[in-house]
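Data first, discussion second: the structure below is written as structure tokens.
Residue numbers start at 1 and run along the sequence shown. In each ligand, atom 1 is the first atom listed, and ligand 1 is the first ligand listed.
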Amino acid sequence: MGEFAPVWHTFETRDEMVAALKTATVERLLTGVLKNGKASWAVSGGSTPKPLFEAISHEGLDWSRVQVALVDERWVGVDHPRSNEAFMKGALAKNRAAKARFVGMKTPHAVPQDAVEAVNDRYGAISQPFDSVLLGMGSDGHTASFFPEAEGLEAAMDPLQSRTCVALTAKKSDITGDEIDRMSLSASAIMAAKHTVLMITGEEKKHVLEQALQPGSELPAGRLAQMLPFDIYWAP
Ligand code: 6PG
């Protein structure tokens with residue numbers, strides 16, 4: 001184990017997990033708005049956070065003072081079915097949350113490596129450190145776009161990385177599909193956040209995460225767990 005031990009919040013049902021995480025996230029965003037006049041939330045794509053987005057979109061906080069940005073993105077256009085930006089806007093930019101400011105990562109650059117400066121300029125306009133960061137995890141142990149053996153992984157996970165956003169190219173797998181070019185928050189940007197949550201469901205991912213948290217594991221989710229304290233939200 002590293003210096004930090006993640007805190008497990010386990011629930012009997014996904015509904016209970018979503019309700020608890022909604023409350024915890026709203027608290028963080030409200031605190032940001034009250035203290036600084038604005039708050040920022042970095043979110044992941046995937047099927048797991050979808051019910052959280054739906055539930056939180058009805059919450060009565062001053063969403064016009066909230067910036068919602070992506071944790072990571074596949075390098076595809078927003079009209080692509082696997083675009084995280086399109087997913088985030090579709091799932092969250094509605095009801096009361098429609099008033100939030102949504103920030104995606106994709107630029108017209110052909111490859112993410114050419115877009116790093118432009119994306120960092122864009123993220124420079126977001127209030128940082130993030131009040132809350134929502135991570136997911138794949139069954140390969142990736143989180144954000146920290147894919148095992150990705151090109152750019154060491155720079156992305158370097159605790160001294162000065163950039164907020166970094167480019168990676170994943171090794172193609174069933175989990176990445178064809179979209180291996182990625183932009184991601186760096187581990188150092190996540191380390192700076194005021195609060196970080198890893199949200200997962202199901203026995204398989206629980207098992208993968210337990211493996212990742214074993215000493216010496218090279219799985220990116222486990223490596224990240226040694227760099228910062230985070231809360232794990234899990235339900236079957
Ligand atoms: C991505 C996805 C991904 C996701 C996990 C879990 O950008 O590749 O957003 O990182 O968080 O693969 O996905 P599910 O929640 O759908 O299992």
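- Partners of Asp114 under the side chain to side chain contact (heavy atoms under 4.5 Å, CB included) rule, at least two apart in sequence or in another chain, are His109, Val111.
- Looking at His142, Lys205, Met88, Arg182 and measuring to atom 3 (C) of ligand 1, the nearest heavy atom belongs to His142.
- Atoms of ligand 1 lying under 4.0 Å from at least one heavy atom of Asn84, given by number and element, are 1 (C), 7 (O), 9 (O).
- Residue-level proximity to ligand 1 for Asp72 is carried by the side chain, the only part with a heavy atom below 4.0 angstrom.
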Q.
Run Glu73 and Lys106 through salt bridge (charged side-chain N to carboxylate O under 4.0 Å, His left out) and show every step you take.
A. CA-CA 7 Å; Glu73 180 62 291; Lys106 183 70 172 67; over 6 Å; no

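- Scanning for side chain to side chain contact (heavy atoms under 4.5 Å, CB included) contacts around Pro129 gives Ala192, Lys194, with sequence neighbours left out.
- Within the 4.0 Å heavy-atom criterion, neither part of Ile175 lies near ligand 1.
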Q: With side-chain hydrogen bond (donor to acceptor under 3.5 Å, both in side chains) as the test, would you mind laying out the steps for Ser145 and Arg182 before giving the verdict?
A: CA-CA 7 Å; Ser145 277; Arg182 298 282 185 144; 3.2 Å; yes

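- Note on ring orientation: taking the six-membered ring where Trp is involved, the planes of His9 and Tyr233 are parallel (angle under 30°, cut-offs 30° and 60°).
- If you check each of Met137, Glu179, Arg74 against atom 5 (C) of ligand 1, the one with the closest non-hydrogen atom is Met137.
- Closest protein heavy atom to atom 15 (O) of ligand 1: Thr48 OG1, 2.5 Å.
- Atom 4 (C) of ligand 1 has its closest protein heavy atom at Gly45 O, 4.0 Å.
- With hydrogens and angles left out, the side-chain atoms of Asp15 and Thr13 include no donor and acceptor closer than 3.5 Å.
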